[in-house]
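Take a look at the structure below.
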Number of protein chains: 2
Amino acid sequence: MKVADKHGRIIQAAIKVFARNGFFNSRIAEIAKEANVADGTIYLYFNNKYDILITIFEEEMGKIIASVKQELATTDNPCEKLEIFAFQHLSLVEKNKDLAEIIQVELRQSSKFMKEYRNRKFAEYLQIISNIVKEGQEKGLFRKDVMPGIFKRAFFGALDEMSRFWVLSPKKKYGVKTAAKQISHFFLNGILEQPCPTKTKTKKRKIKRTKSARK
Amino acid sequence: MKVADKHGRIIQAAIKVFARNGFFNSRIAEIAKEANVADGTIYLYFNNKYDILITIFEEEMGKIIASVKQELATTDNPCEKLEIFAFQHLSLVEKNKDLAEIIQVELRQSSKFMKEYRNRKFAEYLQIISNIVKEGQEKGLFRKDVMPGIFKRAFFGALDEMSRFWVLSPKKKYGVKTAAKQISHFFLNGILEQPCPTKTKTKKRKIKRTKSARK
DNA sequence: AATATCTGAATGAATACACATTCATTTTTC
DNA sequence: GAAAAATGAATGTGTATTCATTCAGATATT
């Protein structure tokens, strides 16, 4: 009907449909309809249903990583980098809600193969964060006892959970900018106004495991 | 063969099987086999396959929330509470890997109904965190500009991502205790050793958006 | 206490159906 | 008018669910 680029039309349709129903509850027929294409046409461009999902991931994830890396190159201040990362991540999610939902939700399960494949791509993404941390440590800005391997997961996880909130509930209570600022600020400066009351490492080892409360 | 409690046997079997294959790729027959029960028997205890998933969630999530709340009651120091929460959360995940995987992975998708239901339960869980924050703010320990609604998600997200790491890769590079300490420490104290180079709010607005690098 | 009758939990083979995939036919392109 | 692209009805498969049947134990009958 239109011009062409069936491939692209199918991908876009699939993103929409998968996001709406979930992968397993999506019908090929529905994707075909959404793309204004016959059922069979899809099989001229993809091997099977699962192949569509993989392709979505492959084609889109690369763009994201590249785009984030590019933005980060605008500064060499690790603190700023963290905030930029947060902002970029959240912005991308906001701009591509359906895609974000698929990556977050649908790709979690799926076969062993996909899990491993996905993990490789994600490892690359997470490494951007740990590299920032290492850079900050070398420059004497960040504490040396911070473990980059844990930090990257914590930081990403914080952003990811914030995204989920947006993906699932359309009404955003907080803007992207606010969220990015808050989150990077938590991680950089912590939330303490003043030192906490002594960590009670000395006494008070009174765990008192209640043995009652059975069943 | 054994005694009985078919209900419990089926639930435990389903947790194992769902975790192994994912909900949609799990066969009722496989669950039946794992539970040493005939296929049909499952339908004496559950309405359908989906009902098993819901029951898993309902029966197990309550226990978790209760258990965390109980542990928190052992102190009234908000800082400690955060660390306890982190430790409890991660410990529970470690002790119930299969269950954790199901809650993390399988329940994300699933029907609208489940999504909403799940969210209600999770809201309760997340609120534990925001309550700690508010308490800390009232006591003058935490900064007032920290938004509890963002913090709870960030903190939970950090833990959740850390868990995923454990759930998916069996070899733990970091122990529960280390991870809990690090994460709560990030959030309480931040990762800064010394103030970052001026946030460039004044001069140096040299963002220099590279217009090259096209495609 | 031996035998007959009942009960409902458990079984698993048979059913029913949804849907991914195929392919003979039609339409478009050059 | 040949080749390529697209179609969508028909096919085949996989599996959730059903239900007629079994059978172990309880209860009643002699």
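The sequence lines fix the lettering, A, B, ..., with proteins before strands; numbering per chain opens at 1.
- A close approach under 4.0 Å does occur between a side-chain nitrogen or oxygen of A:Arg27 and OP1 or OP2 of C:dA20.
- In this structure, the NE2 atom of B:His7 is 17 Å from the C1' atom of C:dA9, given to the nearest Å.
- Rounded to whole Å, the distance from NZ on A:Lys33 to P on C:dC19 is 14 Å.
- Between A:Ile28 and A:Thr41, the one whose closest nucleotide on DNA chain C sits nearer the 5' end is A:Ile28.
- In this entry the distance linking CD1 of A:Ile42 with C1' of C:dC23 reads 16 Å, nearest Å.
- As rounded to whole Å, 16 Å separates atom P of D:dA16 from atom CG of B:Asn47.
- One atom, CG of B:Asp39, and another, P of D:dT18, lie 13 Å apart when rounded to the nearest Å.
- Two rings, from A:Phe85 and A:Tyr125, have their centers less than 6.0 Å apart.
- The nucleotide whose nearest atom lies closest to any side-chain atom of B:Leu44 is, among C:dA10, D:dA6, C:dA20, C:dA10.
- Atoms CZ and CG, on B:Arg20 and B:Asn25 in that order, are 12.5 Å from each other to the nearest 0.5 Å.
- Picking from C:dT21, D:dT17, C:dT11 the nucleotide with the shortest atom distance to the side chain of A:Asn48 gives C:dT21.
- A:Phe151 has its ring centre less than 6.0 Å from the ring centre of A:Phe187.
- Side chain of A:Lys6, nearest nucleotide from D:dA16, C:dT11, D:dA6: D:dA6.
- Across the protein-nucleic acid pair, B:Lys49 atom NZ and D:dG14 atom C1' stand 11 Å apart, rounded to whole Å.
- At whole-Å resolution of the value, CG in A:Asn36 and P in D:dA6 are 13 Å apart.
- A distance of 6.0 Å or more separates the ring centres of A:Phe186 and B:Phe155.
- Between B:Tyr43 atom OH and D:dA16 atom P the separation is 7 Å, expressed in whole Å.
- A cation-pi arrangement is absent between A:Lys6 and A:Tyr45 under the rule of less than 6.0 angstrom and at most 45 degrees off the ring axis.
- The residue B:Tyr45 sits close only to the backbone: its heavy atoms come under 4.0 Å of sugar-phosphate atoms, none of a base.
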